[in-house]
Structure formats: C-alpha cells, structure tokens
Amino acid sequence: MVEDNEIKATVSPFAVRPGELKVFDGKDGYVSMNQIVHRINIGHINDLHFAIMELVNEFEFITSRQLLQMLEWKGIEVGSQDKLNMKLEQLVKTKILTRYYFDSEDGKGIYRIYCLEKMGKYLLNSRNIESNWQPTDNTKPVPMIKKRLAGNQTMIAYLRKVKAFDSYMPKPAFTAKMAGKTFKASGGSVTLTKNNKSIQFVFEVIRREEDWEKKLVDKMKLYKDFYDNYQVGDSGYMQLPQLILICEDEKHMAETFKNIVMNQVEIAKIKLYFTTDLRQNEETLAKTLVEFKLDEETKKYKMENIEVKLLGI
C-alpha cells in the first residue's frame, strides 16, 4: 500500500466535482440467505469477512484503502490490498455489501465506496452486533458521502499517526439546547489522552456543494448553540471539545472562515481550527491545523499554521 506521504495528489479525492453522480457498481439479482449460510458453513465467508462487515457498518461509507488501514490497525491480518479487494468482491457478489463509484465531467473516480446491504445487516444481527442500517441509507447524495469519506480519512490519520490517540467515534451526537435539535458531526471525533488527561477533537467536514455557504451557517448555528450553552456532561462531554473544520483545500479554508465571520457565527468559548483533506497525508499531524488571527496593524485576518505537539508521533 502506498503510504500517505507518498501520495502526490494536488486535489482531494473527496472534493466535490461539478456534475458528479454516484454510480451503482454492485450486483443485481437475488441471493438467498440459504446460499449465504451455505457459504459460511463451507468457510467461503469467514471471520475476516465479518470484520469487514463490522467496519462498513460502523462507518456507513468507506473505501477499500480505508478498510485496509483500519483492519491493519486492529491487528487483523489481510495480506495486501489485492487480497482485501478479493474479499470485498465476494461480499458484493453475495449482496452482503454493495458498491458505488463517482462519475463526473472529469471522468470516473479512482476508488470504490462500500456500504452495507440487507443481507449484511441480517448477518451482523445474528452475531448480536447492532446495525441501524436501512435501505434509504444507500441513497444519500454525493456530498454527504464525501463528507463521511473525508471524516474517515481524518480519524484514520489520527489513530495511525498521533501517539496520544485514545479512541474514535464516527458519528458523535450533540444537542443544541435553544434550537431543541440533536445533530451529528459529519467527520466524527477522536479522543486524545496524555498523562491521564484527555481532550476530544470534533471534525466537521465542509464541501463545496450546492448552497454550501448557507448549509455551513446553519450547522455553525447549531454548534454555537451547543458551545454557548454548554454545561459539564452535555452530550457526554466532560469538557468542551475542540471543533476542527475540514475543508477541501487551502483556499476553501479562507472561504469558510470568511463566511463564518460575515454571518457572525463564530464561537466565543473556543478557538476555531481548520485543516484540509490533503494535510492528513503528512507524516506527522503536528503542523496540520490552521488558525485565522487578526493582525492588529492591518485589522485583517491572516491564516497561520499552528504547531500542536500533542499531535506528534
């Protein structure tokens, strides 16, 4: 597998492209549960297949590369990306998983996205593994899926590259008290622990989708509600988590910050940090966060890279 820091991409694979469509790449037709049970009984579907199913269920949408990284981190022997792809093909053919790719004016995407199918949910439930999957989950639009994939990549980067990494949560929920709404962070969260002290990083993924500026403001209003009215223990947090916005590229960080300031949805209780998809490919994450600081002389904001030693290897 090519290491993150060897990837030479200049545009994030999880950036939204004009006219992009999600294309079905799974299996049509019918597969009975009896056929699947037979394949399990003769060993064609084994514990590795179930480990893959669990991860797909946990993350909802995931690429084969992300799956390989997660399996390796869990200490599950796969062998190679090609061998994992063979296992995934078996799961797609038996309609336990299904698969999509993205197609746009720039051509087909270079990766496939995997998600659960009905048979996968049944099999996980048979092992007392909770799955809230429903068929409509697979109809989610391209930007929503790409937010999930970008969030996956960031959480995986933290668990692989940050020594203080403790745990992750793909879909952390928050309550905006004044609005009376529960909402989820689109990019997940991680807990970092050092010297018995913990801090949570919450990731919100911003994509240049249609009306993205309005959607950003609406989401920031919910975060602002949560932070402004926070009390110890709210949404399961014993202290204020650190919010980090994951943008498509360097320019997008500035666009996002400007939109937040102009619409007065800054959060007073925390510093707001930014990063991009491609920054997660760095060998160490210690210098991957950005803060916008006001220059007292020019009265203009300036983007500054900050060093967070806690994010070191």
Side-chain angles (χ1 to χ4, degrees), residues 9-26 56 58-66 98-116 132-157 169-174 176 181-189 202-223 243-260 263 265 272 274-281:
T10 55
V11 178
S12 168
F14 309 129
V16 172
R17 289 164 170 76
E20 197 163 30
L21 299 172
K22 181 181 70 175
V23 181
F24 177 71
D25 190 37
V56 174
E58 183 179 25
F59 287 93
E60 189 176 9
F61 296 98
I62 193 167
T63 68
S64 60
R65 186 172 190 272
Q66 291 172 349
T98 195
R99 182 172 56 198
Y100 296 90
Y101 65 86
F102 297 125
D103 197 2
S104 70
E105 298 165 3
D106 299 331
K108 291 182 181 180
I110 59 173
Y111 58 89
R112 298 294 186 267
I113 310 102
Y114 294 86
C115 48
L116 214 57
N132 297 316
W133 178 89
Q134 50 190 359
T136 51
D137 290 349
N138 293 357
T139 67
K140 290 182 177 178
V142 171
M144 196 175 289
I145 297 172
K146 289 205 163 183
K147 287 178 184 180
R148 175 75 274 152
L149 299 177
N152 293 352
Q153 177 188 250
T154 302
M155 287 187 289
I156 291 169
M169 190 182 300
K171 301 173 186 177
F174 298 85
K181 290 184 178 180
T182 298
F183 64 98
K184 293 182 179 179
S186 59
S189 68
V202 174
F203 304 110
E204 183 62 35
V205 184
I206 315 299
R207 300 293 92 168
R208 287 190 183 99
E209 58 188 308
E210 187 176 351
D211 292 332
W212 74 268
E213 295 98 334
K214 181 182 181 303
K215 291 174 182 176
L216 168 63
V217 171
D218 290 344
K219 194 66 175 283
M220 288 302 297
K221 285 179 179 177
L222 295 176
Y223 276 116
L243 180 60
I244 297 170
L245 303 186
I246 306 172
C247 301
E248 291 190 0
D249 50 50
E250 305 291 308
K251 183 183 177 185
H252 193 211
M253 286 193 290
E255 294 169 351
T256 299
F257 176 73
K258 180 181 178 181
N259 199 37
I260 289 170
N263 288 279
V265 286
L272 195 57
F274 297 75
T275 189
T276 67
D277 296 351
L278 295 183
R279 283 175 175 248
Q280 311 316 309
N281 293 337

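One distance of note links OH of Tyr223 with CG of Asp218; it measures 13.0 Å at 0.5 Å rounding. Atom CG of residue Leu272 and atom OG1 of residue Thr256 lie 9.5 Å apart, to the nearest 0.5 angstrom. A distance of 10.0 Å separates CD of Glu60 from CG of Asn132, quoted to the nearest 0.5 Å. For the atom pair OG1 (Thr139) and CD1 (Ile145), the distance works out to 8.5 Å, reported to the nearest 0.5 Å.
Counting only heavy atoms from C-beta outward, the side chains of Tyr100 and Asn138 approach each other to under 4.5 Å. Contact annotation: the side chain of Gln66 approaches that of Gln153 to within less than 4.5 Å [non-hydrogen atoms, C-beta and beyond]. With contacts defined as side-chain heavy-atom distances shorter than 4.5 Å, the pair Arg148/Pro170 qualifies. Residues Thr276 and His252 fail the side-chain proximity criterion, which asks for heavy atoms closer than 4.5 Å. The closest side-chain heavy-atom distance from Asp137 to Leu116 is not below 4.5 Å. The side-chain heavy atoms of Arg207 and Ile246, taken from C-beta on, include a pair separated by under 4.5 Å. Using a 4.5 Å heavy-atom cutoff, the side chains of Asn259 and Val217 are in contact.
The only option from Lys146, Lys214, Lys147 that meets the salt bridge (charged side-chain N to carboxylate O under 4.0 Å, His left out) definition with Glu209 turns out to be Lys147.
Ion pairing between a basic and an acidic side chain is recognised when a charged N comes within 4.0 Å of a carboxylate O; Arg279 and Glu250 show such pairing.
With sequence neighbours excluded, no residue satisfies ring pair (Phe, Tyr, Trp, His ring centres under 6.0 Å) with Tyr101. Partners of Trp133 under the ring pair (Phe, Tyr, Trp, His ring centres under 6.0 Å) rule, at least two apart in sequence or in another chain, do not exist in this structure. Residues meeting the ring pair (Phe, Tyr, Trp, His ring centres under 6.0 Å) test with Phe203, sequence neighbours left out: Tyr158.
Using cut-offs of 30° and 60° on the angle between ring planes, the pair Phe183 and Phe174 is parallel.
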Evaluate the criterion side chain to side chain contact (heavy atoms under 4.5 Å, CB included) for residue pair Ser64 and Tyr111; output intermediate values, then yes/no.
-> CA-CA 8 Å; Ser64 60; Tyr111 58 89; over 6 Å; no
Step by step, work out the salt bridge (charged side-chain N to carboxylate O under 4.0 Å, His left out) result for Glu248 and Arg208.
-> CA-CA 8 Å; Glu248 291 190 0; Arg208 287 190 183 99; 3.2 Å; yes
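Taking a 6.0 Å sphere around NZ of Lys108, one finds it holds 12 or fewer heavy atoms contributed by other residues, nucleotides or ligands.
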